[in-house]
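Proteins get letters first, then strands, A, B, ... in listed order; numbering begins at 1 in each. Values below: every heavy atom of this structure, side chains too, minus hydrogens, waters and symmetry copies.
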Amino acid sequence: MKKVLILLVVAMVGFSFISCASTKAVQTPPAEKKVVVLGADGIPQPDWVYKTVSSQDMHYESGYGKMSDKQNSIKRATVEAKNKIASWISTSVKEVVVTYVNDAGSGDNRQAMDAMESISQQVAEATLSGVTTEEMWVDSEGGVWVLCSIPLANIEKSFEPAAEAVAEAFVESDAAAAANAKMKDAFANLLKGAN
Amino acid sequence: MNKRQLVLGCILVLVSLYTGCTTSKGASESSVPNQRLALLDVSAYDSNVYVGLSGPYSSQERMVEMAILNCAKNILLKEAIALDSKLVMQWSTQAGLLSFAKDAKAYYDNTRLSQVIDSLEIITIEFDEQAGAVVIARNTAEKAKRRPYQSTYASDGKPTWISTYPQVKGYQFGVGSSKAYYFLNDSLEASDFEAAQNILDLKTEHSFLKSLTTTQSGSTDSMENALYQAQRGLLEDFSILARYYDQETDTYWSLACSKE
């Protein structure tokens with residue numbers, strides 16, 4: 001009997017250990033496997049290829065290029081990164097949206113096509129100084145990725161001419177002051193009329 | 001001497017002649033361009049030693065004259081080289097890349113060419129069928145310094161700088177390549193120029209960008225982008241540190257460096 005009792009106790013301890021162990025195993029989610037993408041020469045893909053890089057004093061953009069040779073691929077990748085920087089800081093963005101209805105009839109005659117089409121054009125231009133290619137990675141197919149940076153101090157400088165133009169535009173001339181007074185009068189009269 | 005000995009002797013002579021011919025042919029095809037580039041390698045010297053090559057001319061005097069002139073030109077290029085490049089690119093979501101055109105120029109100050117030639121001290125002059133005269137000379141007006149980088153080679157025999165840019169504090173590097181032209185000096189000038197432009201691409205002093213993005217949505221969605229870039233830069237302490245010829249692709253490679 002004593003032997004049976006000892007066996008039972010051992011079995012219970014054993015079960016409790018197993019159950020604890022399995023509960024623990026269930027609670028811990030399996031560690032996520034990070035897929036490592038290898039590029040040319042077996043260099044792993046850096047994070048900046050798919051993640052935004054930021055810092056307090058620099059602005060970063062990445063660019064990609066795949067041309068017939070490495071040099072032109074670098075050229076294209078850097079110009080794309082610089083274009084992203086230019087769009088980001090662009091001092092002159094014009095957007096023209098043209099919307100028109102393409103109505104081809106009604107009822108049975110109506111053609112099955114999208115009636116609305118819109119075309120928008122965006123022009124961006126900027127002058128950049130001090131853009132540096134911080135890092136470069138070549139993927140397994142020979143495409144070149146670059147990470148370019150520009151100091152924020154340089155961007156402030158590029159804003160200076162635009163800021164001056166804006167300041168000039170807002171300097172109140174005598175004529176502008178007179179027009180402003182006239183506008184206020186007109187509004188006042190309009191409001192009187194409405195009441 | 002009997003007839004059998006005579007036949008054996010003839011066979012031996014023919015075999016040795018054939019072996020000799022094939023060996024020399026193999027050596028000339030595989031290593032001559034890089035042997036030629038070794039003639040231009042001044043990495044063992046201090047930084048005030050320059051090399052100039054002429055390309056083939058009708059007389060040795062003319063070749064030496066041109067090589068000295070090119071040597072002096074390299075000294076002036078080291079002082080300052082101004083680069084100017086323009087690029088136009090157009091692509092769309094439907095057709096991919098539509099155009100990619102570039103135009104690049106380099107300028108240097110040649111007003112002091114004769115003064116620089118006067119300060120040259122010729123170290124060696126060698127002649128080569130394709131390189132013409134190769135002159136190695138010291139610029140006595142410049143202090144001797146160590147070069148910032150020496151080439152290292154990968155297991156396949158190619159220099160490591162072809163795949164990975166060297167990292168040396170205070171310097172920036174550029175790698176350029178060119179398909180082989182008829183004359184060696186043209187091939188080298190083209191790859192050196194591309195290496196200089198590569199420095200400008202990687203570190204832009206001034207650039208102007210203008211882009212036009214047209215987006216159309218409706219029955220067909222499409223986006224077209226046209227981009228123009230103009231950039232300029234001035235490289236100081238510019239020099240070509242190493243060159244390599246890749247026989248597989250018939251391409252010349254240059255490693256350029258300038259002060260950061």
Exercise for review: With rounding to the nearest 0.5 Å, note down the distance linking CG in B:D201 to OG1 in A:T133.
Suggested key: 8.0 Å
Review point. If you measure from NZ on A:K84 to OG on B:S211, what distance do you get to the nearest 0.5 Å?
Key: 12.5 Å
Exercise for review: Would you kindly say whether A:K75 and B:N198 are connected by a side-chain donor-acceptor distance under 3.5 Å?
Suggested key: no
**Study point:** Atom pair NZ (A:K82) and CD (B:Q229), whose distance is rounded to the nearest 0.5 Å
**Key:** 4.0 Å
Check your understanding: Roughly how far, to the nearest 0.5 Å, is the CD1 atom of A:I85 from the OG atom of B:S207?
Key -> 8.5 Å
Review point. At what distance, to the nearest 0.5 angstrom, does CG of A:N154 lie from NE2 of B:H206?
Key: 9.5 Å
Review point. Which bit of B:L212 is near chain A, if near means a heavy-atom gap under 4.5 Å: side chain, backbone, both or neither?
Key: both
Check your understanding: Can you tell me how far CG of A:N83 sits from CE of B:M89, rounded to the nearest 0.5 angstrom?
Key -> 7.0 Å
Practice item. Classify the side-chain pair A:S129/B:E205 by whether it contains a donor and acceptor separated by less than 3.5 Å. Key: no
Point to revise | Proximal to chain A - members of residues 150-174 of chain B, heavy-atom separation under 4.5 Å | key: B:I162, B:S163, B:Y165
**Study point:** Option that, when pairs with chain A are counted at under 4.5 Å, heavy atom only, ranks first among B:L87, B:N225, B:L202
**Key:** B:L202
Check your understanding: Does any heavy atom of chain B fall under 4.5 Å from the side chain of A:T132, the backbone, both, or neither of them?
Key -> both
Check your understanding: Which bit of B:F100 is near chain A, if near means a heavy-atom gap under 4.5 Å: side chain, backbone, both or neither?
Key -> side chain
Revision key, fill the gap. Of B:L200, B:T213, B:T251, B:V175, the largest count of non-hydrogen pairs under 4.5 angstrom with chain A goes to B:T213
Revision key, fill the gap. Ordered numerically, the heavy-atom neighbours of chain B under 4.5 Å found in residues 45-63 of chain A are none
